[in-house]
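Any value given below was found using the heavy atoms of this structure, including those in side chains, with hydrogens, waters and symmetry copies removed. Residue numbers begin at 1 in each chain, while the letters A, B, ... track the order of the sequences. None of the values given here were measured: they were computed from a predicted structure.
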2 protein chains.
Amino acid sequence: MENNTCIRQFADHEQIKNCKAKLKTAQKSFGSLSSVLALAGNEVRLKIIYLLGDEKEICPCDLADILGMSIPAISQHLKKLKDGNIVETRKESQTIYYSLNHENIKILKPFFKHINVQTLKLETA
Amino acid sequence: MENNTCIRQFADHEQIKNCKAKLKTAQKSFGSLSSVLALAGNEVRLKIIYLLGDEKEICPCDLADILGMSIPAISQHLKKLKDGNIVETRKESQTIYYSLNHENIKILKPFFKHINVQTLKLETA
DNA sequence: TAATTATTTAAGCAAATGCTTAAATATGCC
DNA sequence: GGCATATTTAAGCATTTGCTTAAATAATTA
(Lines give C-alpha, C1' and ligand atoms only; values in the text may rest on other atoms or scores of the structure.)
Protein backbone atom coordinates (compact mmCIF):
# COMPACT_ATOMS: atom_id res chain seq x y z
CA MET A 1 0.00 0.00 0.00
CA GLU A 2 0.82 3.66 0.25
CA ASN A 3 3.00 4.16 -2.80
CA ASN A 4 0.94 5.40 -5.72
CA THR A 5 3.49 7.69 -7.32
CA CYS A 6 2.12 11.19 -6.93
CA ILE A 7 4.66 12.63 -4.54
CA ARG A 8 3.36 15.89 -5.94
CA GLN A 9 6.29 17.98 -6.96
CA PHE A 10 4.23 21.08 -6.48
CA ALA A 11 2.63 19.95 -3.25
CA ASP A 12 1.61 22.82 -1.02
CA HIS A 13 3.83 21.86 1.89
CA GLU A 14 2.71 24.80 3.95
CA GLN A 15 -0.93 23.78 3.62
CA ILE A 16 -0.11 20.15 4.33
CA LYS A 17 1.71 21.10 7.52
CA ASN A 18 -1.16 23.34 8.54
CA CYS A 19 -3.76 20.68 7.96
CA LYS A 20 -1.84 18.03 9.83
CA ALA A 21 -1.53 20.39 12.77
CA LYS A 22 -5.24 21.18 12.72
CA LEU A 23 -6.16 17.51 12.69
CA LYS A 24 -3.82 16.84 15.53
CA THR A 25 -5.36 19.51 17.74
CA ALA A 26 -8.92 18.44 17.06
CA GLN A 27 -8.06 14.74 16.97
CA LYS A 28 -10.21 13.70 19.91
CA SER A 29 -13.36 15.23 18.48
CA PHE A 30 -13.47 13.41 15.18
CA GLY A 31 -14.06 9.92 16.46
CA SER A 32 -16.93 10.78 18.76
CA LEU A 33 -18.52 13.27 16.40
CA SER A 34 -18.40 11.01 13.38
CA SER A 35 -20.01 8.20 15.32
CA VAL A 36 -22.88 10.44 16.36
CA LEU A 37 -23.29 11.51 12.75
CA ALA A 38 -23.17 7.91 11.59
CA LEU A 39 -25.98 7.07 14.00
CA ALA A 40 -28.07 9.97 12.72
CA GLY A 41 -27.09 9.11 9.17
CA ASN A 42 -29.59 6.28 8.96
CA GLU A 43 -33.04 7.33 7.87
CA VAL A 44 -34.89 5.20 10.40
CA ARG A 45 -32.78 6.41 13.30
CA LEU A 46 -32.98 10.00 12.14
CA LYS A 47 -36.76 9.73 12.23
CA ILE A 48 -36.66 8.22 15.70
CA ILE A 49 -34.45 11.03 16.94
CA TYR A 50 -36.64 13.61 15.26
CA LEU A 51 -39.80 12.23 16.82
CA LEU A 52 -38.24 11.97 20.25
CA GLY A 53 -37.24 15.60 19.91
CA ASP A 54 -40.91 16.48 20.03
CA GLU A 55 -42.55 13.67 21.88
CA LYS A 56 -40.71 13.35 25.15
CA GLU A 57 -40.88 9.55 25.16
CA ILE A 58 -42.05 6.65 22.99
CA CYS A 59 -41.93 2.89 23.45
CA PRO A 60 -40.44 0.45 20.91
CA CYS A 61 -43.78 -1.07 20.07
CA ASP A 62 -45.38 2.26 19.17
CA LEU A 63 -42.30 3.25 17.19
CA ALA A 64 -42.61 0.04 15.19
CA ASP A 65 -46.20 0.97 14.41
CA ILE A 66 -45.33 4.56 13.52
CA LEU A 67 -42.45 3.61 11.26
CA GLY A 68 -44.09 0.54 9.79
CA MET A 69 -41.26 -1.74 10.82
CA SER A 70 -40.83 -4.92 12.82
CA ILE A 71 -40.25 -4.62 16.54
CA PRO A 72 -36.85 -6.34 16.56
CA ALA A 73 -35.64 -4.01 13.82
CA ILE A 74 -36.67 -1.00 15.88
CA SER A 75 -35.22 -2.47 19.03
CA GLN A 76 -31.85 -2.92 17.36
CA HIS A 77 -31.80 0.68 16.21
CA LEU A 78 -32.71 1.81 19.70
CA LYS A 79 -29.89 -0.24 21.13
CA LYS A 80 -27.42 1.54 18.90
CA LEU A 81 -28.81 4.92 19.87
CA LYS A 82 -28.58 3.97 23.52
CA ASP A 83 -25.03 2.68 23.18
CA GLY A 84 -24.19 6.01 21.56
CA ASN A 85 -25.74 7.85 24.51
CA ILE A 86 -28.25 9.52 22.25
CA VAL A 87 -31.27 8.10 24.02
CA GLU A 88 -32.04 6.88 27.49
CA THR A 89 -34.72 4.62 28.95
CA ARG A 90 -37.30 4.57 31.68
CA LYS A 91 -39.02 1.37 32.65
CA GLU A 92 -42.65 1.24 33.68
CA SER A 93 -43.83 -2.30 34.30
CA GLN A 94 -43.54 -4.07 30.95
CA THR A 95 -43.09 -0.99 28.89
CA ILE A 96 -39.76 0.70 28.26
CA TYR A 97 -39.94 4.35 27.34
CA TYR A 98 -37.20 5.84 25.21
CA SER A 99 -36.36 9.52 25.34
CA LEU A 100 -33.58 11.76 24.10
CA ASN A 101 -30.52 12.31 26.19
CA HIS A 102 -30.82 16.03 25.73
CA GLU A 103 -27.36 16.66 27.07
CA ASN A 104 -25.62 14.62 24.42
CA ILE A 105 -27.77 15.69 21.56
CA LYS A 106 -27.30 19.41 21.51
CA ILE A 107 -25.16 18.82 18.46
CA LEU A 108 -28.11 17.49 16.52
CA LYS A 109 -30.53 20.25 17.38
CA PRO A 110 -29.70 22.32 14.29
CA PHE A 111 -30.98 19.43 12.20
CA PHE A 112 -34.43 19.44 13.65
CA LYS A 113 -34.63 23.06 12.73
CA HIS A 114 -33.36 22.24 9.27
CA ILE A 115 -36.00 19.58 8.76
CA ASN A 116 -38.74 21.90 9.89
CA VAL A 117 -37.59 24.82 7.80
CA GLN A 118 -37.25 22.66 4.73
CA THR A 119 -40.66 21.12 5.28
CA LEU A 120 -42.14 24.57 5.57
CA LYS A 121 -40.48 25.59 2.32
CA LEU A 122 -41.89 22.59 0.51
CA GLU A 123 -45.32 23.27 1.88
CA THR A 124 -45.45 26.88 0.82
CA ALA A 125 -43.83 26.20 -2.55
CA MET B 1 -42.58 -10.50 9.07
CA GLU B 2 -44.49 -7.82 10.92
CA ASN B 3 -46.36 -9.88 13.48
CA ASN B 4 -44.46 -9.90 16.74
CA THR B 5 -47.43 -9.86 19.09
CA CYS B 6 -47.22 -6.55 20.91
CA ILE B 7 -50.27 -4.84 19.55
CA ARG B 8 -49.92 -2.81 22.72
CA GLN B 9 -53.20 -2.76 24.48
CA PHE B 10 -52.25 0.50 26.06
CA ALA B 11 -50.72 2.02 22.96
CA ASP B 12 -50.87 5.78 22.91
CA HIS B 13 -53.00 6.07 19.80
CA GLU B 14 -53.03 9.83 19.93
CA GLN B 15 -49.26 9.99 19.97
CA ILE B 16 -48.98 7.41 17.21
CA LYS B 17 -51.32 9.40 15.01
CA ASN B 18 -49.40 12.59 15.76
CA CYS B 19 -46.07 11.05 14.93
CA LYS B 20 -47.27 9.53 11.70
CA ALA B 21 -48.58 12.92 10.65
CA LYS B 22 -45.31 14.62 11.52
CA LEU B 23 -43.32 12.13 9.53
CA LYS B 24 -45.60 12.53 6.60
CA THR B 25 -45.19 16.29 6.50
CA ALA B 26 -41.43 16.18 6.81
CA GLN B 27 -41.10 13.08 4.64
CA LYS B 28 -39.04 14.63 1.87
CA SER B 29 -36.37 15.94 4.21
CA PHE B 30 -35.37 12.69 5.85
CA GLY B 31 -33.86 10.97 2.87
CA SER B 32 -31.64 13.82 1.79
CA LEU B 33 -30.67 14.83 5.29
CA SER B 34 -29.79 11.34 6.42
CA SER B 35 -27.60 10.81 3.38
CA VAL B 36 -25.67 13.99 4.11
CA LEU B 37 -25.26 12.84 7.69
CA ALA B 38 -24.15 9.41 6.54
CA LEU B 39 -21.47 11.01 4.40
CA ALA B 40 -20.25 13.10 7.31
CA GLY B 41 -20.56 10.09 9.60
CA ASN B 42 -17.31 8.59 8.35
CA GLU B 43 -14.25 9.78 10.21
CA VAL B 44 -12.10 10.21 7.10
CA ARG B 45 -14.76 12.16 5.25
CA LEU B 46 -15.54 14.27 8.29
CA LYS B 47 -11.89 15.27 8.44
CA ILE B 48 -11.87 16.11 4.75
CA ILE B 49 -14.96 18.28 5.15
CA TYR B 50 -13.51 19.92 8.23
CA LEU B 51 -10.24 20.74 6.49
CA LEU B 52 -12.00 22.07 3.41
CA GLY B 53 -14.02 24.29 5.69
CA ASP B 54 -10.81 26.16 6.48
CA GLU B 55 -8.59 25.61 3.52
CA LYS B 56 -10.56 26.70 0.49
CA GLU B 57 -9.23 23.88 -1.69
CA ILE B 58 -7.03 20.80 -1.49
CA CYS B 59 -6.04 18.19 -4.05
CA PRO B 60 -6.44 14.40 -3.55
CA CYS B 61 -2.73 13.80 -3.42
CA ASP B 62 -2.15 16.26 -0.60
CA LEU B 63 -5.17 14.92 1.25
CA ALA B 64 -3.69 11.43 1.05
CA ASP B 65 -0.51 12.78 2.58
CA ILE B 66 -2.35 14.72 5.29
CA LEU B 67 -4.55 11.80 6.28
CA GLY B 68 -1.91 9.12 5.84
CA MET B 69 -4.00 7.13 3.41
CA SER B 70 -3.63 5.77 -0.10
CA ILE B 71 -4.66 7.96 -3.00
CA PRO B 72 -7.36 5.65 -4.37
CA ALA B 73 -8.93 5.45 -0.92
CA ILE B 74 -9.09 9.24 -0.72
CA SER B 75 -10.32 9.50 -4.29
CA GLN B 76 -13.20 7.18 -3.55
CA HIS B 77 -14.24 9.22 -0.53
CA LEU B 78 -14.06 12.38 -2.60
CA LYS B 79 -16.24 10.80 -5.23
CA LYS B 80 -18.91 10.10 -2.65
CA LEU B 81 -18.72 13.64 -1.33
CA LYS B 82 -19.02 14.97 -4.86
CA ASP B 83 -21.94 12.71 -5.70
CA GLY B 84 -23.59 14.03 -2.54
CA ASN B 85 -22.99 17.61 -3.69
CA ILE B 86 -20.90 18.33 -0.64
CA VAL B 87 -17.77 19.19 -2.58
CA GLU B 88 -17.02 20.52 -6.03
CA THR B 89 -13.94 20.48 -8.22
CA ARG B 90 -11.72 22.80 -10.19
CA LYS B 91 -9.21 21.47 -12.64
CA GLU B 92 -5.85 23.09 -13.17
CA SER B 93 -3.70 21.13 -15.61
CA GLN B 94 -3.11 17.74 -13.97
CA THR B 95 -4.28 18.74 -10.56
CA ILE B 96 -7.87 18.66 -9.41
CA TYR B 97 -8.72 20.93 -6.53
CA TYR B 98 -11.58 20.00 -4.24
CA SER B 99 -13.52 22.59 -2.31
CA LEU B 100 -16.72 22.72 -0.29
CA ASN B 101 -19.99 23.42 -1.99
CA HIS B 102 -20.81 26.06 0.58
CA GLU B 103 -24.41 26.26 -0.48
CA ASN B 104 -25.15 22.63 0.27
CA ILE B 105 -23.17 22.42 3.44
CA LYS B 106 -24.74 25.07 5.60
CA ILE B 107 -26.30 22.21 7.52
CA LEU B 108 -22.89 20.97 8.59
CA LYS B 109 -21.53 24.28 9.74
CA PRO B 110 -22.63 23.84 13.36
CA PHE B 111 -20.37 20.82 13.52
CA PHE B 112 -17.24 22.71 12.70
CA LYS B 113 -18.07 24.99 15.53
CA HIS B 114 -18.66 22.00 17.75
CA ILE B 115 -15.30 20.50 16.90
CA ASN B 116 -13.53 23.77 17.59
CA VAL B 117 -15.30 24.41 20.85
CA GLN B 118 -14.64 20.91 22.07
CA THR B 119 -11.01 21.13 21.07
CA LEU B 120 -10.68 24.36 22.98
CA LYS B 121 -12.22 22.75 26.03
CA LEU B 122 -9.80 19.86 25.92
CA GLU B 123 -6.88 22.23 25.55
CA THR B 124 -7.76 24.41 28.50
CA ALA B 125 -8.76 21.47 30.70
C1' DT C 1 -48.11 -21.63 37.96
C1' DA C 2 -49.38 -21.06 33.26
C1' DA C 3 -50.47 -17.92 29.56
C1' DT C 4 -50.05 -13.18 27.69
C1' DT C 5 -47.59 -9.01 26.68
C1' DA C 6 -43.40 -6.00 25.81
C1' DT C 7 -38.92 -6.13 24.78
C1' DT C 8 -34.33 -7.91 23.82
C1' DT C 9 -31.07 -11.08 22.01
C1' DA C 10 -29.19 -14.38 18.76
C1' DA C 11 -28.36 -16.51 14.31
C1' DG C 12 -28.51 -16.10 9.45
C1' DC C 13 -28.13 -13.65 5.32
C1' DA C 14 -28.10 -10.13 1.50
C1' DA C 15 -26.42 -5.70 0.64
C1' DA C 16 -23.40 -1.88 1.49
C1' DT C 17 -18.89 -0.01 2.97
C1' DG C 18 -14.09 0.85 2.71
C1' DC C 19 -9.97 -0.65 1.90
C1' DT C 20 -6.24 -2.96 -1.46
C1' DT C 21 -3.89 -3.67 -5.87
C1' DA C 22 -3.80 -3.08 -10.67
C1' DA C 23 -5.24 -0.99 -14.75
C1' DA C 24 -7.22 3.08 -17.27
C1' DT C 25 -7.43 8.35 -18.29
C1' DA C 26 -5.61 12.64 -18.89
C1' DT C 27 -2.37 16.25 -18.86
C1' DG C 28 2.48 18.08 -19.21
C1' DC C 29 7.15 17.73 -20.69
C1' DC C 30 11.30 15.99 -23.33
C1' DG D 1 5.39 10.09 -29.83
C1' DG D 2 6.99 8.41 -25.32
C1' DC D 3 7.52 8.91 -20.42
C1' DA D 4 6.30 10.86 -15.92
C1' DT D 5 2.66 12.79 -12.97
C1' DA D 6 -2.16 13.27 -10.95
C1' DT D 7 -6.28 11.21 -10.62
C1' DT D 8 -9.98 7.92 -11.39
C1' DT D 9 -11.91 3.49 -12.09
C1' DA D 10 -12.37 -1.45 -11.57
C1' DA D 11 -12.03 -5.89 -9.31
C1' DG D 12 -11.49 -8.39 -5.16
C1' DC D 13 -12.20 -9.06 -0.44
C1' DA D 14 -13.00 -8.58 4.64
C1' DT D 15 -16.01 -6.10 7.63
C1' DT D 16 -20.12 -3.84 8.89
C1' DT D 17 -24.96 -2.89 8.47
C1' DG D 18 -29.75 -3.80 8.77
C1' DC D 19 -33.09 -6.66 8.14
C1' DT D 20 -35.58 -11.51 9.12
C1' DT D 21 -37.11 -15.32 12.00
C1' DA D 22 -36.87 -17.69 16.17
C1' DA D 23 -35.75 -18.05 20.85
C1' DA D 24 -34.84 -15.83 25.48
C1' DT D 25 -36.15 -12.38 29.40
C1' DA D 26 -39.22 -10.07 32.21
C1' DA D 27 -43.31 -8.33 34.00
C1' DT D 28 -48.78 -9.06 34.27
C1' DT D 29 -52.64 -11.33 34.67
C1' DA D 30 -55.68 -15.17 35.23
Under 4.0 angstrom between A:Tyr98 side-chain N/O and C:dA6 OP1 or OP2: no
Side-chain N or O of A:Ser70 closer than 4.0 Å to phosphate OP1/OP2 of D:dT20: yes
Distance-minimising heavy-atom pair for B:Leu108 and B:Ala40: CD2-CB, 4.1 Å
So which protein nitrogen or oxygen atoms get under 3.5 Å of nucleotides 10-12 of chain D's nitrogens or oxygens?
| residue | atom | partner | partner atom | Å |
| --- | --- | --- | --- | --- |
| D:dA10 | N6 | B:Gln76 | NE2 | 3.2 |

Length of the line joining A:Ile58:CD1 and C:dA6:P, which is rounded to integer Å: 16 Å
Crowding at NZ, B:Lys17 (>12 non-hydrogen neighbours, <6.0 Å): no
Phosphate OP1/OP2 of C:dT17: any B:Asn42 side-chain N/O under 4.0 Å: no
Side chain proximity check, A:Leu63 to A:His77, heavy atoms < 4.5 angstrom: no
Side-chain N,O (A:His77) to OP1/OP2 (D:dT17) below 4.0 Å: no
For the student: nearest non-hydrogen atoms of B:Ala38 and A:Gly41, plus distance: CB-O, 3.4 Å
Base D:dT5 to side chain B:Gln94, donor-acceptor N/O within 3.5 Å cut-off: yes
Distance, rounded to the nearest Å, where A:Lys91 contributes NZ and C:dT8 contributes C1': 10 Å
B:Lys82 NZ - D:dT7 P separation (whole Å): 13 Å
Spacing between B:Leu67 atom CG and C:dG18 atom C1', to the nearest angstrom: 14 Å
Side-chain heavy atoms of B:Leu67 within contact of A:Leu23, under 4.5 Å: yes
Rounded distance in Å - CD (A:Glu57) to P (C:dT7): 12 Å
Sugar-phosphate only, base, or nothing, as touched by B:Tyr97 at under 4.0 Å among non-hydrogen atoms: nothing
Sugar-phosphate, base or nothing in reach of B:Lys80, heavy atoms under 4.0 Å: sugar-phosphate
A:Glu43 CD - D:dC19 P separation (whole Å): 11 Å
Short side-chain N/O contact to D:dT8 OP1/OP2 from B:Lys79, under 4.0 Å: no
Sugar-phosphate only, base, or nothing, as touched by A:Ser93 at under 4.0 Å among non-hydrogen atoms: sugar-phosphate
From C:dA26, D:dT7, D:dC19, nucleotide with atom closest to A:Met69 side chain: D:dC19
Minimum heavy-atom distance between B:Phe112 and B:Tyr50, given as atom pair plus value: CE2-CA, 3.8 Å
Euclidean distance, atom CD1 of residue A:Ile71 to atom P of C:dT9 [Å, nearest integer]: 15 Å
Qualifying residue for side-chain contact (heavy atoms from CB on, under 4.5 Å) with A:Leu39, from A:Leu46, A:Val87, A:Ile86: A:Ile86
Comparing B:Thr89 and A:Glu92 on DNA chain D - which has the more 5′ nearest nucleotide: B:Thr89
Nucleotide of C:dT20, C:dT27, D:dG18 approaching B:Ala73 most closely (side-chain heavy atoms): C:dT20
Sugar-phosphate, base or nothing in reach of A:Ser75, heavy atoms under 4.0 Å: base
Check: B:Tyr98/B:Asp62 side-chain N/O donor and acceptor closer than 3.5 Å: no
Rounded distance (Å) that lies between atom P of C:dT17 and atom CG of B:Leu81: 13 Å
